[in-house]
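As structure tokens, the structure follows; a few thoughts come after it.
Heavy-atom basis, side chains included; hydrogens, waters and symmetry copies ignored.
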Amino acid sequence: MSTLTHRSRPTRAPITSTTIVLIVLALALVAGAILTATAGRNFFSPGNISAILTGTSILGFVAIGQTLVILGGSLDLSVPYVVSLSSLVAGVTMAGQTGNIALAVVLALGVSALIGLVNGLVVSVLHVHGFIATLGMGLILAGYLGSNYKGSAGSAPRDFRLIGATNIGPVPVSTLIMLGCAVLVILLLRRTRVGHHLYAVGGNPQVARLSGLRTAPPVILAHVLCSMLAGMAGLLLLARLSVGSPTIGSQGGYDLMSIAAVVLGGTVLAGGKGNVLGTLGGVAIFAVMDNVMGVLEVNSFLRDVVRGLVIVLAVAVYARRNMDRRPARFGTDRTGAADRRVTEEVA
Amino acid sequence: MQTITPQAGDRRRELPRHEGGALTRLARTLITPGGAVFVLAALLLAAVIASNPSFGEPGSLIRFIGRTAPIAIAAIGQYFVIVSGEFDLSMGSVVAMQVVLAGNLIGQDESRILPVMLLMVALGALVGVINGLATTILKVPSFIVTLGMMLALSGLVLYLTGGAATGNPVDSFRQIGRGGIRDVPVLEIIPYPAIILVVLAVGAVWLMRRPFGRTLVATGDNPEAARLSGASVWWVKTRAFVLSSLAATVSGIILVGYAGVHPSVGSGYEFTAITAVVIGGVVLGGGRGWVLSAAAGAFALELLFTLLNFLGVASTWRPTVQGVIIILAVAASARVWSGVRRPDKGPLARHTPDTTATTTPPTPGTTTGEN
């Protein structure tokens with residue numbers, strides 16, 4: 001908030017948020033290895049690494065999508081319901097037949113994309129804040145799921161279940177797919193025009209608009225991709241559980257946990273700053289934490305307490321360290337102008 | 001709050017204290033989002049009574065008010081936080097914590113009611129202080145702070161109770177939520193929750209007219225400007241969080257009477273409260289909205305559910321209707337506020353320097369107290 005006047009530009013080398021995330025992740029890994037060793041287990045055994053990576057994949061999909069939306073200055077609270085819906089739609093369409101897999105995947109992702117499209121249009125055309133638009137969409141989907149599905153439905157054929165079960169070495173295929181999606185999203189953000197526009201719109205929609213961008217398309221795209229990635233998470237859950245479930249998304253708490261992972265990864269909740277790499281770090285931190293607490297057999301309710309504390313503490317560390325010191329994206333001119341303007345206001 | 005609003009064109013003209021007569025001003029108030037929610041609530045009430053005339057009897061109306069009181073109180077608490085530009089997602093877990101505390105500590109011993117209630121209030125205030133300080137001093141977004149608080153508190157409560165219903169406070173304590181003043185003419189009964197709600201609503205209106213309330217709104221509208229004009233932003237916001245947690249505490253005390261003791265009693269309360277506040281036309285991001293509109297939003301929501309109930313809509317569709325309503329309400333209020341508000345900033349957006357302030361510096365004597 002008080003960024004404009006008081007802290008001068010850094011003279012020392014700036015520490016970006018991603019660096020801190022990776023440092024925190026390294027610390028978490030070291031602490032995890034030590035704690036696991038005290039429990040008499042090997043943290044780096046292939047089985048354990050595979051378990052950690054499995055833990056990253058589902059939240060990873062959701063969090064990558066959430067990163068896009070948050071970069072655009074919005075939020076997506078409807079993801080858990082999209083996850084559930086996608087698992088149900090795909091499960092029911094497959095109905096145990098291998099031949100239906102392609103159709104089911106396309107249908108599930110299509111439905112997800114449609115939900116994202118509606119979210120994006122409501123946010124950018126009707127000017128409803130993302131929090132409300134997606135909270136509302138989440139409620140709408142919750143009502144639909146609760147009214148039409150009384151319990152698990154559909155079934156995944158064996159070929160589809162293999163996606164969830166196969167490992168290449170210690171690395172699960174699901175994690176590879178997630179990382180593939182992450183690379184695509186990183187390329188989208190770094191190499192394409194719409195990716196740059198997304199940062200601009202998230203950073204300051206007014207400035208972006210006055211600079212001649214159409215502010216709606218990046219935000220809509222972000223919402224569509226976010227929902228589709230949540231749909232992917234739903235498909236993956238279907239592959240693991242072999243049935244679609246109407247409550248699987250909300251049980252996972254993917255809405256708030258993904259936002260937490262994104263913010264843990266150094267992305268600014270207000271939008272405009274951050275990247276997918278940090279988010280992957282955030283997701284990995286969660287996965288390591290969960291794994292260590294699982295090995296130590298911490299009570300599952302107490303795990304929530306630890307998660308809550310870690311989220312707040314980690315974000316507090318970022319807030320102290322880096323937000324103001326990030327090098328200005330458009331050179332020093334702009335901040336100088338802003339400084340002058342604010343001092344004039346004071347005077 | 002919604003009376004003096006400078007229009008775009010007449011910046012240099014000195015604004016009269018009132019424009020138009022009382023009726024004109026009432027009409028103008030009713031078309032703002034904060035006023036429209038009262039019209040919405042009235043329409044819904046009429047529809048409910050039309051579908052079930054016995055609902056219109058004073059006795060069942062006052063019982064309805066009593067039933068709605070906890071969520072309305074939570075909405076009033078959430079209002080303080082939202083109008084200051086923050087969120088409180090920890091309300092539901094505070095409710096759960098208080099309910100479980102009451103159930104386990106009071107038990108069947110009436111003499112413990114008072115000390116345990118004091119403890120609950122103290123703990124509620126403590127949660128608010130922690131939320132507020134972490135938001136303002138540590139500069140963590142309130143969304144994340146209160147999310148962490150929600151996880152931590154609900155995890156603790158579930159851990160301590162094992163996730164099952166435990167304890168049962170003495171009946172005289174449950175009377176706070178369940179009972180009322182009996183043998184009242186016309187109304188039959190005045191439920192205690194309704195009385196608590198009225199007292200708190202009056203208190204909230206009074207508070208919003210005090211310097212604290214004015215500063216709170218100013219902080220929500222533009223924290224930088226509020227800070228530069230000498231408000232201690234961190235302290236004002238921290239107090240808003242304390243009020244929110246205390247409101248959740250009161251809701252919890254009332255809910256013990258209705259729902260009994262279970263760690264899931266408060267679940268989803270924060271989002272319902274936020275929904276009510278937003279339906280009441282309060283702008284997420286702060287700086288706009290009336291506290292009673294937030295309470296009216298809670299009533300509108302409950303009336304809507306009652307109406308759906310009477311119309312025979314399956315309760316599983318309630319979230320869907322709630323979702324549609326909340327999106328429509330906010331879309332509509334975005335239209336209306338955009339006329340009176342400078343370019344919108346999201347609730348999470350940082351302050352953008354207002355360029356118009358430099359191009360047209362206000363001449364002395366024409367300031368209206370806003371911006």
Quick one: of B/I274, B/I144, B/L89, who has the most non-hydrogen atom pairs under 4.5 Å with chain A? B/I144
Identify which part of A/L77 has an atom lying under 4.5 Å from any heavy atom of chain B, answering side chain, backbone, both or neither. side chain
Given side chain to side chain contact (heavy atoms under 4.5 Å, CB included), test A/L256 with B/F143 step by step and report yes or no. CA-CA 10 Å; A/L256 298 177; B/F143 193 94; 4.1 Å; yes
Could you measure the distance from the OH atom of B/Y159 to the CG atom of A/L302? Nearest 0.5 Å is fine. 5.0 Å
Heavy-atom distances under 4.5 Å only: say whether B/L147 touches chain A with side chain, backbone, both or neither. side chain
Identify, with sequence neighbours excluded, every residue that meets salt bridge (Lys or Arg N to Asp or Glu O under 4.0 Å) alongside A/D304. A/R307
Per-residue contact mode, A/V125 against chain B (heavy atom under 4.5 angstrom): backbone
Quick check on A/L135 against chain B: is it the side chain, the backbone, both or neither that has a heavy atom closer than 4.5 Å? side chain
Would you please classify the geometry between the B/F271 ring and the A/F131 ring as parallel, tilted or perpendicular, with 30° and 60° separating the classes? tilted
In terms of heavy-atom pairs under 4.5 Å with chain A, which of B/P319, B/S315, B/G148, B/A329 leads? B/P319
Would you indicate whether the side-chain heavy atoms of B/V283 and A/H129 approach each other to under 4.5 Å? no
With a 4.5 angstrom heavy-atom cut-off, is it the side chain or the backbone of A/V312 that approaches chain B, or both, or neither? both
Structural part of B/V278 lying under 4.5 Å from a heavy atom of chain A: side chain
Measure B/L153 against the heavy atoms of chain A and call it side chain, backbone, both or neither at under 4.5 Å. neither
Residue list, side chain to side chain contact (heavy atoms under 4.5 Å, CB included) with A/N148, at least two apart or on another chain: A/Y144, B/W317
